[in-house]
Structure formats: C-alpha cells, structure tokens
Amino acid sequence: MSEKTVLSIQSFVTHGYVGNKAATFPLQLHGFDVDGINTVCLSNHSGYPVIRGHRMSLQEYDELMEGVRANNFLSNYRYILTGYINNVDIIGRIRDTLKEVRELREKEDKKLTFICDPVMGDDGIMYCKKEVLDAYRELVPLADIVTPNYFEASLLSGVTVNDLSSAILAADWFHNCGVAHVIIKSFREQENPTHLRFLYSVKEGSEAAVRRFSGVVPYHEGRYTGTGDVFAACLLAFSHSHPMDVAIGKSMAVLQELIIATRKEGGDGKSSLKSRELRVVASPQVVLQPSTVVDVKPIS
Ligand code: ADP
Ligand code: CA
Ligand code: CA
Ligand code: CA
C-alpha cells in the first residue's frame with residue numbers, strides 16, 4: 001500500500017491538459033510521487049492550428065536516465081506509466097528501462113507494474129509515425145495493463161473494433177502478447193449511439209481463464225482531448241487500493257464528471273478546442289472521489 005511512486009513518461013504541453021499535464025495532478029492528488037519524463041515539450045496539443053516546441057531525442061532520454069540511475073532513483077518506482085512518445089528509439093529504450101527497473105526491484109522483492117497507454121491516434125487519425133506501431137508491438141508484451149482507445153486497439157491487433165465481439169477479439173491479441181489486463185476504453189455501437197461501451201478483459205497467466213467485463217457511459221457530443229491520459233492516471237491511482245474492475249468503474253466516473261464539468265463551463269461539443277480542455281484542476285473532488293461509480297459488469 002505504501003509505495004506510491006510513479007515514473008510517468010509522457011508529453012508536456014505549456015497550455016492545456018494532455019500527457020503529463022493531464023496525469024500528474026490526478027496522481028499527486030491521490031498522494032503519488034510522480035517523477036516525469038517529458039517526451040516532448042510543446043506549446044499545446046496537436047489539434048490546435050499552431051504548434052511549437054521541442055521533441056526529446058534518444059540522447060536526451062539517455063542523459064536523463066543516466067542521472068536517475070546514478071542517484072539510485074530507478075529502484076523506487078512502484079509503477080511505470082507511458083503515454084505519448086512518438087519516437088521509435090525511445091520506445092525501444094523504454095524496454096531496457098523496464099527490464100532494468102524490474103531486475104532492481106526483484107532483488108528487493110518489490111513489485112513493478114507497467115501501465116502502457118499506447119498513444120498513437122484517435123477516431124481514424126494516426127498522430128504518430130507509422131514505425132511507432134511496430135515499436136509498440138514490441139513494448140506491449142512487457143505491460144501488465146494496457147489502455148488503448150478503440151482505434152489503437154484496432155491498429156495493434158489488426159481487428160477493427162466496432163462492437164463488443166470485435167473488442168473481445170482485439171483484447172485476445174493483447175492477451176496473446178502476454179498482457180494480463182486489457183481495457184479498451186470506449187467504442188460506439190451502431191445499435192446504441194447514445195452510449196459508449198468499454199471492455200475490460202483479464203487473463204493472469206497463459207494457462208489462466210479469461211474473464212471479461214463491460215459497461216457503458218453516456219456519449220457526450222464532441223471530441224475531448226486528454227481523456228485517455230486522465231483515465232490512465234486515475235486507473236493507476238484507484239487500482240493501487242481497489243480491484244481492477246472497481247478502479248475502472250471509478251475512473252470511468254471521473255471522466256464522465258470531468259466532461260460534464262467541462263461542458264457546463266462552456267466546453268460543449270461544438271465549442272472551441274480551448275474551451276474543451278478538460279477542467280482537471282478545477283475538479284479535484286471529482287478526481288479524488290467521483291460521486292458515482294460506473295457499473296463494470298461481468299459478461300456471461
Ligand atoms: P482516448 O482519449 O485515449 O481516445 P477514449 O476516447 O476512449 O480514449 O476516452 C477515455 C474515456 O473518456 C472513455 O472511457 C470515456 O469514459 C471518456 N470519454 C471520452 N470521450 C467521451 C465522450 N465524447 N463522451 C463520453 N465519454 C467520453
Ligand atoms: Ca478518443
Ligand atoms: Ca506479461
Ligand atoms: Ca489516448
């Protein structure tokens with residue numbers, strides 16, 4: 001229970017709430033020490049007309065890790081969380097980091113959980129280089145928990161996710177890679193477009209039976225950014241002290257309440273990108289303890 005430490009490898013933006021800007025506050029609110037590696041340092045997310053800034057090189061990643069290693073911080077991390085990277089070499093190097101941290105912690109009989117949010121794109125648009133897809137196919141097998149959106153689950157597995165049965169097939173691709181916990185965060189179903197459905201599929205060990213859970217949340221018109229980044233951070237935080245299905249229900253509820261708060265303050269589906277930035281900092285009570293929990297029901 002005590003070790004609330006995360007190495008979070010994600011983007012940084014000056015304005016708005018995506019990547020580490022979206023994940024750090026929720027994690028800190030839940031009492032986690034968050035050590036950040038900012039894979040990019042940009043003015044804003046890529047939806048805005050202008051984007052300026054810097055992208056980390058492999059050499060810069062290696063330099064940071066050298067300092068982290070030399071000061072013996074590496075064995076501290078109970079969790080490693082990855083989000084937007086968009087650099088094949090860094091994705092490859094993170095595999096080495098994971099193996100190194102895992103070995104260091106095994107010597108001390110300590111656990112490491114790797115949560116991989118394979119950030120590559122959304123709604124049919126890839127916002128990373130094509131080679132990144134292959135790099136993720138090598139990184140994903142090291143993950144304990146994966147949280148793709150339906151588009152990323154489709155890209156990785158080769159199964160077009162558009163309903164529950166295709167989501168299950170996609171989840172099995174991740175299980176076949178050795179991933180225990182697969183959460184496909186949302187997909188729209190033709191028969192009920194007012195809802196978003198999600199799938200949680202768990203298979204702990206190659207011989208274990210698969211268990212599946214699913215549920216729905218109301219669909220809010222419009223595209224919100226940073227939703228997956230806040231979700232993964234909340235999932236990490238809640239799963240530290242709750243079973244995974246409960247953690248998913250709570251994290252889904254956080255997102256619903258955050259989106260509703262954002263819409264109330266003028267960020268509805270048709271408004272500007274700027275007004276649709278999630279109200280993460282304005283809603284600490286929601287992030288800490290949402291007033292509802294979304295049902296995560298076993299699929300029979
Ligand atoms: P990503 O942000 O990585 O593309 P999703 O779109 O699946 O991932 O969003 C993550 C979570 O945020 C979903 O599980 C859902 O709870 C919530 N969410 C995102 N967009 C919407 C929306 N338009 N309406 C309702 N919930 C949403
Ligand atoms: Ca999405
Ligand atoms: Ca595994
Ligand atoms: Ca995402």
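Order of listing sets the numbers, starting from 1, for every ligand and every atom in it.
The atoms of ligand 1 that sit less than 4.0 Å from any heavy atom of Pro218 are 24 (N), 25 (C). Distances below 4.0 Å separate heavy atoms of Asp122 from the following atoms of ligand 1: 4 (O).
Only the side chain of Leu196 comes within contact range of ligand 1, with a heavy atom under 4.0 Å; no backbone atom does. With a heavy-atom cut-off of 4.0 Å, Thr227 touches ligand 1 through backbone and side chain alike.
When each of Leu139, Ile91, Leu155, Ile85 is checked for a side chain to side chain contact (heavy atoms under 4.5 Å, CB included) with Val132, only Ile91 meets the rule.
Remark: among candidates Gln256, His220, Lys185, the nearest residue to atom 17 (C) of ligand 1 is Gln256, based on non-hydrogen atoms.
Side-chain contact check for Arg197 and Tyr150: no donor-acceptor pair (N or O, by modelled atom type) lies under 3.5 Å. No side-chain donor from either of Tyr200 and Asp245 sits under 3.5 Å from a side-chain acceptor of the other. Checked by atom type, the side-chain pair Thr147/Asp117 shows a donor-acceptor distance below 3.5 Å. Side-chain contact annotation: Gln256 with His220, donor-acceptor N/O pair under 3.5 Å present.
Using a 4.0 angstrom heavy-atom cutoff, Gly222 counts as in contact with ligand 1. Under the 4.0 angstrom criterion for non-hydrogen atoms, Tyr219 is in contact with ligand 1. Distances from ligand 1 to the non-hydrogen atoms of Pro148 include no value under 4.0 Å.
The pair Glu100-Arg93 fails the salt-bridge criterion, with no side-chain N (NZ, NE, NH1 or NH2) lying under 4.0 Å from an Asp/Glu carboxylate O. Between Asp123 and Arg188 there is no salt bridge, since no side-chain nitrogen of the basic residue lies less than 4.0 Å from a carboxylate oxygen of the acidic one. Ion pair Asp89/Arg55 not flagged as a salt bridge, since none of the NZ, NE, NH1 or NH2 atoms sits closer than 4.0 Å to an Asp/Glu carboxylate oxygen.
In this structure, Val161 and Ile184 approach most closely via the heavy-atom pair CG1-CG2, 4.5 Å.
One distance of note links CZ of Phe25 with CG of Asn20; it measures 14.5 Å at 0.5 Å rounding.
Here 2 is the count of protein N, O or S atoms positioned under 3.0 Å from the Ca ion (ligand 2), waters not counted.
Here the heavy atom of the protein found nearest to atom 7 (O) of ligand 1 is Ser186 OG, 2.6 Å. Ranking the protein heavy atoms by distance from atom 4 (O) of ligand 1 puts Asn149 ND2, 2.9 Å first. Considering only non-hydrogen protein atoms, atom 20 (N) of ligand 1 sits nearest to Ile259 CD1, 4.1 Å.
Phe32 carries Lys4 over the face of its six-membered ring, with the cationic atom under 6.0 Å from the centre and within 45° of the normal.
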